[in-house]
2 protein chains.
Amino acid sequence: MARKRLTREESRAQTRERLLEAARELFTERGVNGSSVEQIAERAGYTRGAFYGNFADKQELVAELLEQRTRSEVAEVSDLQRRAESFGDMLELLRHWNRERDQNLPDWMALRLELVLHALRNPEALPMLAQREKLARSSIQTAIEQRIGEHGALPADPALLALIVHALEDGLLIQRLLFPDEIAGDVVVDAVDVLLRSWRPVASDPPD
Amino acid sequence: MARKRLTREESRAQTRERLLEAARELFTERGVNGSSVEQIAERAGYTRGAFYGNFADKQELVAELLEQRTRSEVAEVSDLQRRAESFGDMLELLRHWNRERDQNLPDWMALRLELVLHALRNPEALPMLAQREKLARSSIQTAIEQRIGEHGALPADPALLALIVHALEDGLLIQRLLFPDEIAGDVVVDAVDVLLRSWRPVASDPPD
DNA sequence: ACACTTATATACATACTCGTATCTGGATGC
DNA sequence: GCATCCAGATACGAGTATGTATATAAGTGT
């Protein structure tokens, strides 16, 4: 095991990253307000000194966490959108992606809700969150218009339909959190499937 | 202003209620973890002594808050279900009810999310929350089956359809929180309307 | 009106949290 | 190999939170 010797910059970056990771875990377990700076530093394997060397305060770390997460999710959505060629493709990719996330659903969702609440109380963080939502929504809307709308009339404004599909995800995941056994891991995809089918004009059903 | 002289029991109950109300406000504003026992007592117009005389600790108060809220929401859902005679009725009642809640949507929703997170981290509180969800879902399912299903085939298992409608509420409200201007106050009802219309078999459209 | 009960306030001990200021040892450059 | 630098540890002070133990004032029964 030839462990590379880190430069200062690298080492500093590593510390920062470890602190962020520790914060992610703790925020998930105990919430943002329930986690102290000391606990974060300790879980990352440092003391508070390291923390304050890297962040002005907890707020700043939360902001960075939100930014990181937004970035990675925006990337995921873009990727999904880019790779889906057919309508069936999209559902398949979505299913696959959901399966992976389902492994750590409580963690993923708890952190999401924490961040939503944080944004509610710190409006300056709102645009960051909004970015992800808007992209996802518009991406869904495009898909709806292209895959379904072109075959006939939609049952409502495509913007509303997209909003429905997008919002459904949060709602279903919350329900799945509350009833892990009762609700299948694939609900989200199944539900989207049902919706899109029911909106597809009966007229021309392409062979797929 | 003839202020009635309270008996001990009444006075005690009043204190308890005031503490709960203060906690509700503070939890909404700053979260459960962000509110100290002292702040709660102070906002209610007491000191910590009164608090610890009425509750063992904050956890116990949260439990009671959750219970109160569950009770009142279960009552509301039951009421809605009981009063809605026709399908149009239900949408109308729902619209009215949503309008009222929309006045304090951020507060209402923030507290709901706080409680969901609390239940996630304190599984013993989970059944309490689950109660409300189940009732709402089954109530929706009944409505779907009666108002729509009897006229023909549904596009999917009514349980799934009900779950979709129910889950949609949380999801849409979260989106509305994040985009208060962009998303109309009536989204929830509008969305439900769209869904139910799109699921209604085209065959026989009763005059209503 | 008296004793007694109890809801709430006050006082106290303990622990936690934050942010800063200072120290130190290993990395870096000459 | 010596001087410098800086990431992170340690030490500190002020503030805050929790829970308990005790005091007090108001309510209650006789």
Q: How does protein reach along nucleotides 5-13 of chain C, written 5' to 3' as B (base within reach of a heavy atom under 4.0 Å), S (only sugar-phosphate), or - (no contact)?
A: BSSSBB-B-
Q: We want to know whether B/Arg95 and B/Asn98 form a side-chain donor-acceptor pair, criterion being a heavy-atom distance below 3.5 angstrom.
A: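 B/Arg95 vs B/Asn98: no donor-acceptor pair found between side chains.
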Q: Report the distance from atom CZ of A/Phe55 to atom P of C/dT20, rounded to the nearest whole Å.
A: 16 Å
Q: Rounding to a whole Å, what distance do you find between A/Gln59:CD and C/dT17:C1'?
A: 15 Å
Q: How many Å lie between OH on A/Tyr52 and P on C/dT17, as a whole number?
A: 11 Å
Q: Roughly, in whole Å, what's the span from CD in B/Gln39 to P in D/dG15?
A: 17 Å
Q: For B/Glu38 and D/dG15, give me the distance from atom CD to atom P, rounded to whole Å.
A: 15 Å
Q: In chain order, what residues pass the side-chain contact (heavy atoms from CB on, under 4.5 Å) check against A/Glu145, with sequence neighbours excluded?
A: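 side-chain contact (heavy atoms from CB on, under 4.5 Å) check on A/Glu145 returns A/Gln141, A/Pro158.
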Q: Both conditions, 6.0 Å and 45 degrees, for the charged tip of A/Arg137 above the ring of B/Phe179: are they met here?
A: yes
Q: Side chains of B/Gln39 and B/Glu29 only: does a donor on one sit below 3.5 Å from an acceptor on the other?
A: no
Q: Specify the separation, in whole Å, of atom CZ of A/Arg18 and atom C1' of D/dG8.
A: 13 Å
Q: Over how many whole Å does the gap from A/Glu42 atom CD to D/dG8 atom P extend?
A: 17 Å
Q: One thing to verify: whether A/Glu114 and B/Arg121 come together as a salt bridge, which I'm taking to mean a side-chain N less than 4.0 angstrom from a carboxylate O.
A: yes
Q: Round to a whole Å and report the spacing from CG of A/Asp57 to P of C/dT17.
A: 16 Å
Q: Any salt bridge between A/Arg24 and A/Asp107, counting N to O under 4.0 Å?
A: no
